Amino acid sequence: MNESERKTYRATARAHANVAVAKYWGKRDTNLNLPLFDSVAFNIEGLVTETTATWNDDDIHDALIINAWQVPPHAMGRIQRILDDIRTRKGWTKRCVLQSHNNFPLATGLASSASGCAAAAMAAAAAAELQLDQNTLSSIARLGSGSAARSIPAGWTRWHAGSLSDGSDAFATSIAPPNHWPLHVFVIQVSDAPKNVSSTECMLRCQKSPYWEAFLQQAKKAADIAQNAILQRDFPALTAAIHQNTMCLHALTMTCTPPVCYFAPKTIEILQRILRLCQAVPVCCTLDAGANVVILCEDTACPFIKNDIIALGLPFIQSRIGSGASVT
Ligand code: DP6
């Protein structure tokens with residue numbers, strides 16, 4: 001065995017969960033996770049996945065271990081696409097073991113697949129000693145889960161839908177760094193149960209909803225509207241944009257067949273409290289495909305969040321707009 005074969009190819013990377021203010025919901029290519037329209041999101045500093053990738057010649061399969069749980073082979077599909085891409089770039093037959101740790105619950109609408117796929121892509125590429133630019137890493141992360149494209153760049157991000165059929169122009173870029181608008185982020189954990197219908201499945205169902213065309217019209221404009229509000233630090237504009245986009249998405253999921261309702265009773269209680277509060281103080285909220293609620297607010301609204309929302313006694317994380325993925 002020569003020197004390069006005996007070498008250990010290992011690296012560790014961290015990525016943050018991201019939550020969209022203008023959401024991705026619908027694909028122009030299901031295999032490559034190419035979106036139908038642009039989306040805009042922010043990373044959450046306090047929600048982190050850290051992953052160590054090790055390439056070796058001994059194993060016959062790739063492996064993913066999340067918080068000490070070994071993912072079964074039939075569930076490796078998403079991560080497999082990321083590793084296959086890196087293997088092809090390298091011209092390798094080596095297999096990869098990914099050891100991953102999340103500091104938050106999986107598959108509950110807290111975007112663990114986004115941070116997970118972004119950390120896996122960055123760690124596996126670094127371990128393979130590939131020098132890839134951020135756009136390429138974002139495209140590779142996207143292969144695992146579309147929204148993971150947005151966990152590679154820092155702060156406020158925009159995932160460009162692109163138009164090329166190979167997806168090489170469908171990556172996310174940063175539109176503003178984390179300190180551009182130092183908002184507070186509260187993640188309220190309404191449920192730690194896995195969601196009953198995956199985003200991938202629900203998106204497909206929604207394209208047959210009678211409301212799909214109306215949703216599409218709104219969703220295609222949403223990224224520009226959200227980006228302008230963010231760049232101008234215009235909280236009322238952000239509030240209007242995020243609430244309309246969130247409600248359109250959830251109204252749509254309720255009209256597919258069979259219908260999907262991601263709300264839990266406490267989700268609605270929090271939504272109603274925020275919709276009341278936002279008329280008086282700078283606060284707004286959103287939720288992805290799950291029951292948990294993510295709240296954004298300015299400094300002056302923090303005491304109101306504590307009185308009205310934290311007082312409900314649910315587990316929560318208070319955080320800030322997060323950085324991009326990095327090799328540690
Ligand atoms: C509601 O990225 O989980 O969170 O590409 O099929 O893996 P796949 O879907 P995923 O969908 C995220 C949907 C969303 C909105 C968003 O994050 O933009």
Side-chain angles (χ1 to χ4, degrees), residues 9-21 24 32-33 35 39-55 62 64-67 78-86 89-90 96-104 106 110-160 167-180 185 187 288 294 317 319-328:
Y9 290 93
R10 178 176 296 142
T12 301
R14 288 160 68 85
H16 302 271
N18 73 78
V19 168
V21 298
Y24 149 57
L32 297 175
N33 286 335
S39 56
V40 169
F42 57 90
N43 289 329
I44 302 179
E45 192 63 23
L47 300 186
V48 184
T49 301
E50 187 167 289
T51 298
T52 299
T54 312
W55 293 94
D62 295 317
L64 169 62
I65 298 133
I66 307 176
N67 296 349
R78 292 165 165 267
I79 224 71
Q80 200 69 63
R81 293 188 215 163
I82 292 176
L83 297 177
D84 287 345
D85 182 281
I86 292 169
R89 285 171 197 269
K90 220 33 212 184
C96 188
V97 177
L98 294 166
Q99 299 262 7
S100 193
H101 181 80
N102 279 300
N103 72 344
F104 57 97
L106 307 174
L110 286 182
S112 58
S113 65
S115 56
C117 291
M122 190 160 249
E129 298 178 349
L130 281 171
Q131 308 293 330
L132 301 176
D133 61 22
Q134 200 177 70
N135 297 350
T136 310
L137 278 169
S138 172
S139 293
I140 298 174
R142 186 204 74 226
L143 296 172
S145 191
S147 53
R150 299 185 310 235
S151 282
I152 296 285
W156 300 89
T157 64
R158 182 168 181 142
W159 177 16
H160 311 275
S168 54
D169 56 351
F171 50 77
T173 53
S174 181
I175 56 171
N179 63 1
H180 161 75
V185 182
V187 180
D288 282 340
V294 178
I317 294 167
S319 191
R320 290 288 196 169
I321 307 298
S323 33
S326 58
V327 175
T328 63

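Predicted model only: the values in this text are computed from it and were never measured. In this chain, residues are counted from 1 in sequence order. Computed over heavy atoms, backbone and side chain alike; hydrogens, waters and symmetry mates excluded.
A search for side-chain contact (heavy atoms from CB on, under 4.5 Å) contacts involving A170 returns R28, L34, P35, R142, W159, not counting sequence neighbours. Every residue meeting the side-chain hydrogen bond (donor to acceptor under 3.5 Å, both in side chains) condition with S39, not counting sequence neighbours, appears here in chain and number order: R150. Under the side-chain hydrogen bond (donor to acceptor under 3.5 Å, both in side chains) criterion, D62 pairs with Q80, R87, sequence neighbours left out. A search for side-chain contact (heavy atoms from CB on, under 4.5 Å) contacts involving A53 returns C96, L98, A123, A124, A127, not counting sequence neighbours. In this structure R89 satisfies the salt bridge (charged side-chain N to carboxylate O under 4.0 Å, His left out) test together with D85, sequence neighbours excluded. Evaluation of the salt bridge (charged side-chain N to carboxylate O under 4.0 Å, His left out) rule for R78 yields no partner, not counting sequence neighbours. Remark: T328 pairs with no residue by the side-chain hydrogen bond (donor to acceptor under 3.5 Å, both in side chains) rule, at least two apart or across chains. Taking the side-chain hydrogen bond (donor to acceptor under 3.5 Å, both in side chains) definition, one finds that N179 meets it with nothing, sequence neighbours left out. Checked against side-chain contact (heavy atoms from CB on, under 4.5 Å), H101 has the following partners two or more places apart in sequence or in another chain: N67.
The minimum heavy-atom distance linking S100 with T51 is given by the pair OG-OG1, 2.9 Å. A pairwise comparison of heavy atoms in A121 and L137 identifies O-CD2, 4.0 Å as the closest pair.
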Identify every side-chain donor-acceptor pair in residues 40-48 under 3.5 Å, counting partners at least two apart or on other chains, and give the distances.
residue, atom, partner, partner atom, Å
N43, ND2, P153, O, 2.9
N43, ND2, S323, O, 3.1
E45, OE1, S323, N, 2.7
E45, OE1, S323, OG, 3.0
E45, OE2, S323, OG, 3.4

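Under the 4.5 Å side-chain criterion, counting only non-hydrogen atoms from C-beta, I86 is in contact with W55. Contact of the D169 side chain with the H160 side chain is not registered, since no non-hydrogen atoms from C-beta on lie closer than 4.5 Å.
Within the structure, salt bridge (Lys or Arg N to Asp or Glu O under 4.0 Å) contacts touching residues 121-137 (residues at least two apart or in different chains) are K7-E129.
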